[in-house]
A.B. asks: 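Have a look at the structure that comes next, please.
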Protein chains: 2
Amino acid sequence: MTGRPSVRDAQPDTATRILDVAERLVQTSGFNGFSYADISAELGITKASLHHHFATKAELGRALIERYSEAFSAALKLVDQRGGDAAAKLERYVKLYEEVLREERLCLCGMLAAEYSTLPEPLQKEIRRFFDANETWLAGVIDQGRRARIFHSRGSAREVARMLLSALEGAMLVARPYSDVARFASAARQVLTGLAAK
Amino acid sequence: MTGRPSVRDAQPDTATRILDVAERLVQTSGFNGFSYADISAELGITKASLHHHFATKAELGRALIERYSEAFSAALKLVDQRGGDAAAKLERYVKLYEEVLREERLCLCGMLAAEYSTLPEPLQKEIRRFFDANETWLAGVIDQGRRARIFHSRGSAREVARMLLSALEGAMLVARPYSDVARFASAARQVLTGLAAK
DNA sequence: GTCTATAGGTGGATAGAC
DNA sequence: GTCTATCCACCTATAGAC
């Protein structure tokens with residue numbers, strides 16, 4: 001876990017490469033849909049070595065959510081820093097999801113939410129934290145948009161935020177079987193347009 | 001597969017009881033999250049007997065989607081027959097989802113959509129058919145609402161229908177980790193209200 | 001940090017008696 | 001239609017050498 005080596009062109013360290021492969025596998029096949037053997041085959045290191053880095057599958061899952069949540073928070077900070085009005089921020093937020101779907105993946109936590117009841121309790125807690133963080137950020141943007149009079153939605157900003165999160169997670173879920181990013185983009189646009197309507 | 005016996009208080013036949021248990025297990029834990037052993041333990045019949053009724057797990061899955069789709073179509077027919085305007089129909093449509101979530105289940109096909117890439121191709125096709133049927137019904141209701149001037153949404157009726165389906169599937173997905181049906185109901189109301197806005 | 005080897009369990013599925 | 005018994009592949013995880 002020493003992070004990326006400082007020399008140019010160097011590969012990420014082993015733990016990072018494991019997380020990269022595991023993350024893609026969870027996002028495409030689910031936590032119950034992949035095994036250490038899958039990672040082993042792809043990286044060319046034995047299952048025993050994987051256990052050296054992540055002792056149990058639950059611990060691997062916990063590390064995955066942690067990293068994903070941190071990356072998402074960082075992405076939201078970037079969205080904020082690029083400025084623009086609330087509508088522009090929401091469009092960039094939607095783009096984050098769209099890029100995931102383009103690789104035929106689901107949101108990591110959206111996938112894990114489907115498998116929620118089969119997951120260890122610590123993972124369940126982290127999944128809710130991810131959704132909570134997204135709702136909080138979205139609610140802030142909704143507030144910003146209302147103060148600027150560009151959003152005219154009903155209900156609390158928090159409620160609108162939850163609706164947005166739900167709609168985007170669902171749009172990914174439904175679009176993927178059709179391998180159709182446009183399906184997602186269309187649904188997202190519908191929802192965003194609705195926010196501006198009186 | 002002889003259907004419900006005609007005598008009063010008689011139990012459903014074995015195939016039906018297997019489907020009932022398997023359906024709940026898929027909706028709560030996913031297709032990759034349950035096993036024949038789980039059904040066996042709950043019904044008190046051996047795994048070998050289960051294989052007599054459904055030779056493979058894929059065949060069991062196919063039967064589950066088929067039955068679920070038929071039940072859903074029947075429910076939509078009832079929604080239509082009870083009449084009312086398009087808004088009333090959509091509210092009853094939302095209630096169908098809400099009843100599923102109340103039992104801490106996801107939509108069967110929503111759950112399977114998450115696991116999509118791990119499923120046999122015949123199941124994948126049936127999942128898309130389920131979504132297609134829902135979109136078609138919803139597009140019809142959207143059209144009805146527009147002709148009656150109670151919906152003022154943008155985009156084609158089909159696009160609005162896809163957005164609705166996505167939002168509802170996603171609202172179930174996100175609400176379940178919180179065991180909070182109100183979260184779903186709130187998101188659903190947000191979306192429906194948006195349809196009426198100009 | 002990676003390996004070989006293996007434990008101990010569970011997965012879906014089958015054969016054949018009753 | 002249900003059972004016992006069994007197969008074999010795969011699962012997560014560990015022990016211990018290098």
Side-chain angles (χ1 to χ4, degrees), chain A residues 1-5 7 10-23 25-26 28-65 112 115 117-123, chain B residues 1-5 7 10-23 25-26 28-65 111-112 115 117-124:
Chain A
M1 288 283 206
T2 54
R4 177 181 288 271
V7 285
Q11 280 204 350
D13 63 30
T14 305
T16 301
R17 281 187 294 151
I18 293 168
L19 288 171
D20 289 342
V21 173
E23 183 177 83
L25 290 172
V26 172
T28 52
S29 306
F31 192 74
N32 297 324
F34 84 101
S35 72
Y36 272 43
D38 296 324
I39 307 175
S40 170
E42 188 157 340
L43 290 182
I45 62 179
T46 62
K47 290 188 288 173
S49 293
L50 299 180
H51 279 284
H52 170 77
H53 294 279
F54 301 97
T56 67
K57 200 182 177 186
E59 162 58 19
L60 173 59
R62 200 205 50 72
L64 282 173
I65 303 177
L112 295 176
E115 302 175 290
S117 73
T118 72
L119 302 176
E121 206 275 334
L123 270 68
Chain B
M1 289 286 205
T2 54
R4 177 183 288 271
V7 284
Q11 280 202 351
D13 62 31
T14 304
T16 301
R17 281 187 294 151
I18 293 169
L19 289 172
D20 288 343
V21 172
E23 183 177 83
L25 289 172
V26 173
T28 52
S29 306
F31 192 74
N32 297 324
F34 84 101
S35 71
Y36 272 43
D38 296 324
I39 307 175
S40 170
E42 188 156 342
L43 290 182
I45 62 180
T46 62
K47 289 191 292 171
S49 293
L50 299 179
H51 279 285
H52 169 76
H53 295 279
F54 301 97
T56 67
K57 201 183 178 186
E59 163 57 19
L60 173 57
R62 200 206 50 73
L64 283 174
I65 303 177
M111 176 66 86
L112 294 176
E115 302 175 289
S117 74
T118 72
L119 301 177
E121 206 275 334
L123 271 67
Q124 296 184 333

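Scope of the values below: all heavy atoms of this structure, side chains included, with no hydrogens, waters or symmetry mates. Keep in mind it's a predicted model, so treat the numbers as computed, not measured. The chains referred to below are lettered A, B, ... by the order of the sequence lines, with proteins before strands, and numbering in each begins at 1.
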A.B. asks: OP1 or OP2 of C:dT2 less than 4.0 angstrom from a side-chain nitrogen or oxygen of A:Thr46, does that happen here?
C.D. replies: no
A.B. asks: Just to verify, what does B:Asp38 make a salt bridge (charged side-chain N to carboxylate O under 4.0 Å, His left out) with, not counting sequence neighbours?
C.D. replies: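 None.
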A.B. asks: State, with a plain yes or no, whether a side-chain heavy atom of B:Ile39 is found less than 4.5 Å away from one of B:Glu42.
C.D. replies: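 Not touching, per the 4.5 Å side-chain cut-off.
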A.B. asks: Does B:His53 put a side-chain nitrogen or oxygen below 4.0 Å from OP1 or OP2 of D:dT2?
C.D. replies: yes
A.B. asks: Please list, pair by pair, any protein nitrogen or oxygen found under 3.5 Å from a nitrogen or oxygen in nucleotides 9-12 of chain D.
C.D. replies:
residue	atom	partner	partner atom	Å
D:dC11	OP1	A:Ser35	OG	2.9
D:dT12	OP1	A:Lys57	NZ	3.1
D:dT12	OP2	A:Tyr36	N	3.1

A.B. asks: Just so I know, are the side chains of A:Leu123 and A:Leu64 near enough to count as touching, which here means a heavy-atom distance under 4.5 Å?
C.D. replies: no
A.B. asks: Tell me: CG of B:Leu60 to C1' of C:dG11, nearest whole Å?
C.D. replies: 15 Å
A.B. asks: Tell me, do A:Tyr36 and A:Leu60 make a side-chain contact under 4.5 Å, heavy atoms counted?
C.D. replies: yes
A.B. asks: Heavy atoms, side chains only, cut-off 4.5 Å: are B:Leu19 and B:Phe54 in contact?
C.D. replies: yes
A.B. asks: B:Glu59 CD to C:dG12 P: how many Å, rounded?
C.D. replies: 15 Å
A.B. asks: For D:dT2, does either OP1 or OP2 sit under 4.0 Å from a side-chain N or O belonging to B:His52?
C.D. replies: no
A.B. asks: According to side chain to side chain donor-acceptor pair (under 3.5 Å), who are the partners of B:Thr28, at least two apart in sequence or on a separate chain?
C.D. replies: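 Not a single residue meets the side chain to side chain donor-acceptor pair (under 3.5 Å) criterion with B:Thr28.
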A.B. asks: Could you check how far CG of B:Leu43 sits from P of D:dC3, rounded to whole Å?
C.D. replies: 11 Å
A.B. asks: Tell me: CD1 of B:Ile39 to C1' of C:dA13, nearest whole Å?
C.D. replies: 14 Å
